[in-house]
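Shown next, in structure tokens, is the structure this report addresses.
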Amino acid sequence: MAESVELPHRLAILPFRNKVLLPGAIIRIRCTSPSSVKLVEQELWQREEKGLIGILPVRDATETTSVGPTLSPGVGTDSGEGSSKIHLGTSDSHKFDGKNQQEFIHWHTRGVAARALHLSRGVEKPSGRVTYMVVLEGLCRFSVQELSTRGTYYTARIAPADMTKAEMEQVEHDPDFIVLSRQFKATAMELISLLEQKQKTGARTKVLLETVPVHKLADIFVASFEISFEEQLSMLDSVDVKVRISKATELVDRHLQSIRVAEKITQKVEGQLSKTQKEFFLRQQYVKLRQSPSVSLIESSTVVRVISALSHYRSFNGCGILPIYSYLNGIFHAYSLTSIFQMRAIKEELGDNDDDEDDVTALERKMESAGMPPDIWKHAQRELRRLKKMQPQQPGYSSSRVYLELLADLPWQKASEELELDLRAARDRLDSDHYGLVKVKQRIIEYLAVRKLKPEARGPVLCFVGPPGVGKTSLASSIAAALGRKFIRISLGGVKDEADIRGHRRTYIGSMPGRLIDGLKVRVAICNPVMLLDEIDKTGSDVRGDPASALLEVLDPEQNKTFNDHYLNVPFDLSKVVFVATANRVQPIPPALLDRMEVIELPGYTPEEKLRIAMRHLIPRVLDQHGLNAEYLQIPEAMVKLVIQRYTREAGVRNLERNLASLARAAAVRVAEQEHSLPLTKDVHHIGSPLLESRLADGGEVEMEVIPMGVSNHEISSAFRVTSPFVVDEATLEKVLGPPRYDDKETAERVSTPGVSVGLVWTAFGGEVQFVEATAMVGKGDLHLTGQLGDVIKESAQIALTWVRSRAAELKLTSTEGMNLLEGRDVHIHFPAGAVPKDGPSAGVTLVTSLVSLFSQRKVRADTAMTGEMTLRGLVLPVGGIKDKVLAAHRYGIKRVILPERNLKDLVEVPSAVLGNLEVMFLVLYYLLSGWKTCWNTLLKGVALGDSTQSYDMTLTGITLSDFWWGSTCVHLPT
């Protein structure tokens, strides 16, 4: 509860008949009459959290006893339109809202300002009447100076009745107040201590009672008791805190005495019953008490909940004292307390009291120590009360039990302590775990630097995008190691059900929480891990929902602090989790989800980078995985280069690691065979080994060592292994890995005839080289396209053919102007690797080159690859994936790359070592220079390439067809 509440001069009044709401009390009411519905709608529903109303007790005219002054009706005018005024009086009555008859009531002069903690609106059927369910919290007392009506409900001009802060400070030093406070606390402590003896819990109440002001505790305790209306009015009129505390002490002492009397009566009755009769009676009485509605208000560990409620008092920050009142309201009902004590006494007498070993009790203790937020703790207690009223054989018992165990196991407040961030150590860790990736590692260091300066900052969600095998997952693991947090990986590949993210609703059979909540509970048990959302681009959607849409709430820093799992059904804070995502492609990710992440691209590795990665990381790891070391297997650097060139053409290093593992397995077989030494004859000591025999058969040099007699077989084998490591050579590569899969002659062989050109494409696995084949045949001038092509690439082929036909005379492809290039023949364009789907506009330049080569019967240079979108006017437009395409050209041994001029800026990302081995040409458009010679207008500019700068002349250069075609003798034609 807030320390002070600023009350307006006028409040809407909601009358309470024969009932009083005290400050600090919580009450739930259902408003059905037109006046109360109108009041709630205008004063609370429309104003939301800012709404305040006054609760004024009213008494029926039939009541003869009067406590305190009352208000009486009168007639007058108010400043508001259509309102009437009611003046103060002593005994007259006023008409109160009724259905069929007029009821006369007395208005009390003091009331309590209240605010709504919860509002729900409903419509009754079939009448269609609007009703409201309101949960009200009492705030402070006020006095009514003038009562009037506004439409269908009442309003009042009020004045605060509680003591001011200055008056309270003065009263707190009054000796009488100090004595009364001590007496109240002693009586309350005695009552709570009696309950603690029943529950056998720790005595922490004294410290907790000191944290709540005494004058507020008096209202809270009294509001929890079942007392008469007169006593409630008397407590409401006790503006003087000394009088209030004195009355509260009397009421607490009365309930304390009632509990003691109930215990004496129970003990006396038990002593008079025989064993058989007592057991029968106790079991029958226990069933009755178990089914009693009053018992449902109290839980078994009563005192523990009271202590927990009081301990949450300071953390509510103006949200009221709902926990304190709710639990005390269930504790101090006289009948309920007696019932609970009787039930526990019955269980002890029957020998069924196994609370120390009871699973539900242990679960309750576990829930209390879980550190749940107050609102979730209240929800958990409600579920626990339902569980206690159920028998284990009931169908819903196990599901409720599993749900409560989930609430108890979740890391609501448990977090791992972050280490002091050392950027130098983090940089060294990244360099040791990953080779290259300079830009990516620099971005991670920047991220860690911000975390160091402001640990609570909400950093961006990093999304590493790149082909498989480039180190995306290991980068996320390195971030977790640098932060000193636990690491958890959630694979989203193939996920099509929204319930995998948000969980299933508990109404379904076999329901369970989503992967995020389950991972936090089972795998890390902390609330601030580094969580990797792997393969985020491979989620699908069907009738069960869209997981990508569910991830919008997870990755939004403004929403994930109240993430709602359908199974959990309460908010869970994910704002402390550091999310990292990985993907192979950006295109499948929905734009809204992509907007919540910072994309960091990881391109493929160059052969030089693969070589360094293999020597530093892959070979040591492969040897360790196969139980080998450098004494058993040696793979020279030259052999690793051959594996990269001849057996792998990928963006990452996974196939390279698989090939190295094949070599390690072959070595493991040879080493294992050496372990079996041959039996020794009487006169001849012979050492046999397949490795030795193979070397002798090949005529190789064998290093010999004299081994003394008496050495054990194991020592002989060990000595032999040390002196004879398995060194991989080129012959071993072909024997283990098979014949080379790739060679540098492939491109030249495939571009040996006119009509074939080499293009560069981008795939989810990095850049690739794509051949385009065109041929002509007798026909009607139709265009045939094959190779599992998409609509965009089909349109690019049609545009290329149209452009070539319109420039046929200029390109010297026809003898006369206006001659139809396709007269009497069809053109067939094929994209090899027909099982692979292909689409996109970047094949336009490649298609034009292939068609010009076909119609001119000139072969395209085999060392040239190109990419770019072509328009009908001959403009070459920019395309994406330039870095991956250039790296692919370098892997395939391409020496010249033709790119759109507007992609010049993208070469900054390409390593300088790659550009040093390539000739890069930039294109703007295709136009006629002179005669049959056609050029691409090439604009060559200076561009920063890594650590070096390659300069180009700022001139317009004409590149003729001879720069692209091979002659019949397969030599470069002069211009």
Side-chain angles (χ1 to χ4, degrees), residues 1-7 20-27 52 54-55 110-115 117 135-142 160-174 176-189 191-192 204-225 227 231-253 255 305-332 374:
M1 177 183 293
E3 292 297 331
S4 61
V5 179
E6 294 184 2
L7 295 178
V20 176
L21 176 66
L22 292 175
I26 307 294
I27 192 169
L52 288 178
I55 304 299
R110 288 192 179 91
V112 173
R115 63 179 171 188
L117 297 180
V135 178
L136 294 173
E137 175 190 13
L139 299 178
C140 61
R141 294 172 172 83
F142 65 83
D162 284 336
M163 289 186 175
T164 63
K165 185 176 181 181
E167 293 174 345
M168 278 302 306
E169 292 177 355
Q170 184 177 359
V171 170
E172 288 176 353
H173 295 86
D174 189 348
D176 295 339
F177 176 83
I178 296 175
V179 173
L180 289 172
S181 299
R182 291 176 180 175
Q183 184 179 1
F184 173 80
K185 289 185 178 180
T187 307
M189 178 66 71
L191 177 61
I192 299 298
R204 298 182 294 148
T205 313
K206 183 177 180 180
V207 177
L208 295 171
L209 286 176
E210 294 294 336
T211 61
V212 183
V214 180
H215 64 282
K216 295 181 180 179
L217 276 176
D219 285 330
I220 295 171
F221 272 66
V222 173
S224 302
F225 297 152
I227 59 179
E231 290 174 322
Q232 294 179 18
L233 288 178
S234 177
M235 195 69 184
L236 177 63
D237 291 331
S238 300
V239 178
D240 190 340
V241 293
K242 292 188 292 184
V243 177
R244 187 189 313 167
I245 295 175
S246 178
K247 293 181 179 179
T249 304
E250 295 178 3
L251 294 172
V252 173
D253 185 72
H255 281 270
R305 293 188 295 108
V306 175
I307 294 174
S308 177
L310 292 174
S311 65
H312 286 306
Y313 175 79
R314 290 183 175 179
S315 63
F316 257 64
N317 297 330
C319 295
I321 48 177
L322 176 59
I324 301 177
Y325 176 74
S326 298
Y327 302 146
L328 293 179
N329 189 38
I331 292 172
F332 298 116

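What you see is a predicted model, and the numbers here were worked out from it, not measured in a lab.
The side chain to side chain contact (heavy atoms under 4.5 Å, CB included) test with Lys185 singles out one residue from Ile245, Val214, Thr249, and that residue is Val214. With respect to Met163, the side chain to side chain contact (heavy atoms under 4.5 Å, CB included) criterion is satisfied by exactly one of Gln170, Met168, Glu169: Met168.
Here Asp162 contributes atom CG and Glu167 contributes atom CD; the two are 10.0 Å apart, rounded to the nearest 0.5 Å. A distance of 10.0 Å separates CG in Asp240 from NZ in Lys247, rounded to the nearest 0.5 Å. Between the CG atom of Leu117 and the CZ atom of Arg115 there is a distance of 6.5 Å, given to the nearest 0.5 Å. How far CD of Glu6 is from CG of Leu139: 12.5 Å, rounded to the nearest 0.5 Å.
Closest approach of Phe184 and Leu217 over heavy atoms only: CE2-CB, 3.9 Å. Heavy-atom minimum distance, Leu21 versus Ala114: CD2-CB, 4.0 Å.
Not a single donor-acceptor pair under 3.5 Å links the side chain of Lys242 to the backbone N or O of Asp176. Between the side chain of Arg141 and the backbone N or O of Leu236 there is at least one donor-acceptor pair closer than 3.5 Å.
Counting only heavy atoms from C-beta outward, the side chains of Pro23 and Lys216 never approach each other to under 4.5 Å. Contact of the Met235 side chain with the Val20 side chain is not registered, since no non-hydrogen atoms from C-beta on lie closer than 4.5 Å. Side-chain contact between Val171 and His215 is absent, with no heavy atoms from C-beta onward closer than 4.5 Å. Within the 4.5 Å cutoff, no side-chain heavy atoms of Ile27 are placed close to those of Ile55. A 4.5 Å side-chain heavy-atom check between Val112 and Leu22 finds every atom pair outside the cut-off.
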How far apart are the C-alpha atoms of Gln232 and Ile227, what are their side-chain angles, what is the distance that settles it, and do they pass the side chain to side chain contact (heavy atoms under 4.5 Å, CB included) test? CA-CA 7 Å; Gln232 294 179 18; Ile227 59 179; 3.7 Å; yes
